[in-house]
Every structure is written in structure tokens, then in C-alpha cells.
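By convention here, the first residue in the shown sequence is residue 1.
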Amino acid sequence: MSEFVRNIRLWFAPELVRDEGGTPDYRFSLANERTFLAWLRTSLALIGGGFAVDQFLPDLRRAWRVGLALALLGAGVLCALRAVNHWVRCERAIRRGEDLPASRFPALLSLVVAVVAVAMVVVVLLGWEG
């Protein structure tokens, strides 16, 4: 079974993570959980931002409004999925005494948010109406 499929199975059966390695200091597991929750808060903020763009900018051209909203909503969905996958990967590494997994996701998310922000600045400055 591939590592990716195993990680997805662990999303829905987190008690199986306990079969990995030894029991770590609880502070590490709790810190990992707090990081997971921070990613979920980020996901909710992105989703809320996507809905806000769609609902509160009715004068914006529809294509721009929908595009910006979908970019934020998509980033929120990816962020939520990444949160649980990262939690599993980190918990397994902690229990095994391995280095924590590296991820390019924070850089990708930052770029998406930056592109949306720049697009919003352009829209505000140019006053593009529908």
C-alpha cells in the first residue's frame, strides 16, 4: 500500500497512528494538534474571504468576482485537506523519532493569497465595475 493511501486511511482512523513507533512526550503531540487547528482556522478564513468577495463586491465584473472568490475558496479547501494530511505525517514522524516532513504547501498558499491580493489591489485602483 502506498504511503499516500496509508496516510489517507489514518485520517479516518487516527488511533492507528499509535501503532507507529513509541509514545512521544505529549507536548509534541499537542503542539502538532495546535498546528493542525491553526491550519483549519486559516482554511476557514480563506473560505470566508471567498464568500465575502462574491457577496460584498456585486459591482465588480462577474468574471473577476467569481475568479477571485474561487481562488480563495479553492485555497481554503486545499488548506483543510493539507491540515489533516500534515497532522498525520507529523504525528507519525514524531512517534518514529524522525525529522518532521518538509512541505512546499505554505509557499504555494502564500503565492495564491498574494496573487489574489494583488488582483484585488488592481481592481480597487482601477475601479472595474460590471
- Message: Show, in sequence, the C-alpha distance, side-chain angles and deciding distance for Ser103 and Arg89, and conclude whether the side-chain hydrogen bond (donor to acceptor under 3.5 Å, both in side chains) test is met.
- Response: CA-CA 11 Å; Ser103 176; Arg89 292 174 58 215; 5.1 Å; no
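- No donor-acceptor pair closer than 3.5 Å links the side chain of Ser43 to the backbone N or O of Trp39.
- Once rounded to the nearest 0.5 Å, the distance linking CG of Leu40 with CH2 of Trp87 reads 12.0 Å.
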- Using the side-chain contact (heavy atoms from CB on, under 4.5 Å) rule, take Arg65 and Gln55 through it: C-alpha gap first, then chi angles, then the decisive distance, then the call. CA-CA 9 Å; Arg65 190 175 76 239; Gln55 293 298 309; over 6 Å; no
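- Under the 4.5 Å side-chain criterion, counting only non-hydrogen atoms from C-beta, Arg96 is not in contact with Pro24.
- Proximity of Cys79 to Leu109: side-chain heavy atoms (C-beta onward) are separated by under 4.5 Å at one or more points.
- Using a 4.0 Å cut-off between charged side-chain N and carboxylate O, Glu20 and Arg6 make a salt bridge.
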- Message: Using the rule given for side-chain contact (heavy atoms from CB on, under 4.5 Å), can you reason through Leu78 versus Phe105, listing the C-alpha separation, both sets of side-chain angles and the distance that settles it, and then say yes or no?
- Response: CA-CA 9 Å; Leu78 288 177; Phe105 186 79; 4.1 Å; yes
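- Looking at Leu100 and Ile94, their side chains come closer than 4.5 Å, going by heavy atoms from C-beta outward.
- Remark: Asn32 CG to His86 NE2 distance equals 6.5 Å, nearest 0.5 Å.
- At least one donor-acceptor pair closer than 3.5 Å links the side chain of Thr35 to the backbone N or O of Ala31.
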- Message: Show, in sequence, the C-alpha distance, side-chain angles and deciding distance for Arg104 and Leu108, and conclude whether the side-chain contact (heavy atoms from CB on, under 4.5 Å) test is met.
- Response: CA-CA 6 Å; Arg104 292 185 186 103; Leu108 175 67; 5.9 Å; no
- Message: For a side-chain contact (heavy atoms from CB on, under 4.5 Å) check, start with the C-alpha distance between Val113 and Leu46, then their side-chain angles and the critical distance, and finish with the verdict.
- Response: CA-CA 9 Å; Val113 171; Leu46 289 165; 3.8 Å; yes
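- Once rounded to the nearest 0.5 Å, the distance linking CG of Asp19 with CZ of Arg95 reads 8.5 Å.
- Taking CZ from Arg18 and OG from Ser29, the interatomic distance works out to 9.5 Å, rounded to the nearest 0.5 Å.
- For the atom pair CG of Leu68 and CG of Asp54, the computed distance is 10.5 Å after rounding to the nearest 0.5 Å.
- For the pair Gly76 and Ile47, the tightest heavy-atom approach, listed with the atom from each and the gap, is CA-CG1, 3.9 Å.
- In this structure, CZ in Phe36 is found 11.0 Å from CZ in Arg41, a value given to the nearest 0.5 Å.
- Contact annotation: the side chain of Trp11 approaches that of Leu81 to within less than 4.5 Å [non-hydrogen atoms, C-beta and beyond].
- Leu10 places none of its side-chain heavy atoms less than 4.5 Å from the side chain of Glu15.
- Leu30 is not connected to Val88 by any chain of hydrophobic side-chain contacts under 4.5 Å among Ile, Leu, Val, Met, Phe, Trp and Tyr, and they are in different clusters.
- A pairwise comparison of heavy atoms in Leu73 and Gly50 identifies CG-CA, 4.1 Å as the closest pair.
- Sparse packing is recorded around CG of Asp99, with 12 or fewer heavy atoms of other residues, nucleotides or ligands lying under 6.0 Å away.
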